[in-house]
Amino acid sequence: KRPEVGPTQCVGPDYRTESQKPVATVSTEIEYDNVITLPQTPQLIALLTMIRDRNTDRADFIFYSNRIIRLLVEEGLNHLPIVEQTVTTPVGRTYAGLQFQGKICGVSIMRAGESMEQGLRDCCRSVRIGKILIQRDEETSMPKLFYDKLPEDIADRWVLLLDPMFATGGSAIMAVDVLKSRGVPEERILFLNLIASPQGIKNFATQFPKLRVVTAFVDQGLDEKNYIIPGLGDFGDRYYTM
Ligand code: PRP
Ligand code: URA
């Protein structure tokens with residue numbers, strides 16, 4: 001039996017009547033099948049609220065971002081190929097389960113994407129990680145490629161591409177072009193991202209219709225400096241230097 005709930009108790013959306021549900025900004029609806037938005041649970045919205053708050057200090061920003069990154073990695077892994085795997089339990093019964101199949105690697109778009117590497121390592125112990133250093137020009141917002149170092153056999157792997165912010169989409173598009181030039185097919189790339197803009201998603205999905213994007217939230221748009229709004233400001237600065 002469900003507990004009696006008063007209007008001021010916070011025990012999750014299923015226990016509330018419509019009129020008792022709290023109001024929060026909602027993720028923008030996206031029409032592309034290859035873009036997966038994480039389930040908009042109260043936990044996720046509370047975590048996003050923490051990292052969006054300009055008054056959140058660096059330690060909390062890192063802690064709560066890391067929790068969202070973990071959710072993104074767990075969801076991203078759901079898109080890898082699997083095969084059936086039956087095991088015997090300690091009480092001698094069988095359990096028909098699954099196991100992952102296929103080699104993977106992470107690729108972070110530096111600097112901010114490096115913040116997502118530990119979350120991937122926490123789920124995939126000795127995962128190989130490549131790096132692509134792309135920086136957006138502060139005046140023009142155009143991305144510039146400085147450096148890449150990728151696993152030699154990347155063309156045989158599934159790639160989890162990591163960058164928390166997806167604004168115009170320019171940096172991610174450039175990174176995917178590098179991956180494709182090394183022989184990685186679009187359909188074997190999963191782009192994991194915390195906050196996306198509708199413009200970035202449209203640009204990306206039009207160019208790479210077979211590539212999957214997993215994002216925590218699609219925001220309202222971009223401001224005149226191509227920052228995501230409402231956004232959270234500069235992710236790299238808040239995670240690494242502020
Ligand atoms: C940020 C972010 C993305 C890019 C998003 O990186 O991490 O890489 O901007 O913008 P876009 O979609 O318009 O290309 P930035 O270049 O600011 O560098 P940083 O990682 O050092 O913060
Ligand atoms: N990079 C960020 O860190 N934030 C934005 O809003 C856009 C690009």
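Start at 1 and go down the list; that is how both ligands and their atoms are numbered.
- Annotation: atom 22 (O) of ligand 1 to nearest protein heavy atom, Arg111 NH2, 3.2 Å.
- Of all the atoms in ligand 2, the ones that sit under 4.0 Å from a non-hydrogen atom of Ala167 are 7 (C).
- Counting the atoms of ligand 1 from 1 in the order shown, those under 4.0 Å from a heavy atom of Gly170 are 12 (O), 14 (O).
- In this structure, Arg136 is positioned above the aromatic face of Tyr227, its NZ or CZ under 6.0 Å from the six-membered ring centre and within 45° of the axis.
- Residues Ile104 and Arg157 come closest through the heavy atom pair O-NH1, 2.9 Å.
- Between Ala167 and ligand 1, at least one N/O pair is under 3.5 Å apart.
- Residues Ile134 and Pro143 come closest through the heavy atom pair CG2-CB, 3.7 Å.
- Heavy-atom proximity to Met165, at under 4.0 Å, picks out these atoms of ligand 1: 2 (C), 3 (C), 5 (C).
- There is a protein heavy atom closer than 4.0 angstrom to atom 19 (P) of ligand 1.
- The contact set between ligand 1 and Ser171, taken as ligand atoms under 4.0 Å from a residue heavy atom, comprises 4 (C), 8 (O), 11 (P), 14 (O).
- Note that OG of Ser65 and CZ of Arg70 are 15.5 Å apart. Values are rounded to the nearest 0.5 Å.
- Between Asp234 and Arg111 there is a salt bridge, since at least one side-chain N of the basic residue sits less than 4.0 Å from a carboxylate O of the acidic one.
- Less than 4.0 angstrom separates atom 1 (C) of ligand 1 from none of the non-hydrogen atoms of the protein.
- Remark: ligand 1 atoms within the under-4.0 Å shell around heavy atoms of Asp163 are 2 (C), 3 (C), 7 (O), 8 (O).
- With hydrogens left out, the protein atom closest to atom 10 (O) of ligand 1 is Arg136 CD, 3.2 Å, a heavy atom.
- Contacts with ligand 1 closer than 4.0 Å are made by heavy atoms of both the backbone and the side chain of Thr168.
- When each atom of ligand 1 is checked for a heavy atom of Gln135 under 4.0 Å away, the hits are 16 (O), 18 (O), 19 (P), 21 (O).
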- Task: List the steps, then state whether side-chain contact (heavy atoms from CB on, under 4.5 Å) holds for Phe191 with Thr215.
- Result: CA-CA 8 Å; Phe191 179 41; Thr215 186; over 6 Å; no
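- For ligand 2, the atoms sitting less than 4.0 Å from at least one non-hydrogen atom of Tyr227 are 4 (N), 5 (C), 6 (O), numbered in the order shown with element in parentheses.
- In terms of polar-atom proximity, defined here as any N/O pair under 3.5 Å, Phe235 does make such a contact with ligand 2.
- For the pair Arg128 and Asp153, the salt-bridge criterion is not met [side-chain N within less than 4.0 Å of a carboxylate O].
- Atoms of ligand 1 found under 4.0 Å from any heavy atom of Asp234 (numbered from 1 in listed order, with element): 22 (O).
- Minimum heavy-atom separation, Phe146 to Gln135: CE1-CB, 3.7 Å.
- Annotation: atom 1 (N) of ligand 2 to nearest protein heavy atom, Met165 CB, 4.0 Å.
- Gln118 and Asp122 share a side-chain donor-acceptor pair at under 3.5 Å.
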- Query: side-chain contact (heavy atoms from CB on, under 4.5 Å) between Asn193 and Asp163: does it pass, once the steps are laid out?
  - Reply: CA-CA 5 Å; Asn193 158 256; Asp163 195 335; 5.6 Å; no
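- Relative ring orientation between Phe204 and Phe166 is described as perpendicular, the plane-to-plane angle rising above 60° on a 0-90° scale split at 30° and 60°.
- Residue Ile228 approaches ligand 2 through these ligand atoms, each under 4.0 Å from one of its heavy atoms: 5 (C), 6 (O).
- For ligand 2, the atoms lying closer than 4.0 Å to a non-hydrogen atom of Gly233 are 2 (C), 3 (O), 4 (N), 5 (C), 6 (O).
- Ring pair Tyr239/Phe235 is parallel by interplanar angle, where below 30° counts as parallel and above 60° as perpendicular.
- For the pair Gly169 and ligand 1, a heavy-atom separation below 4.0 Å is found.
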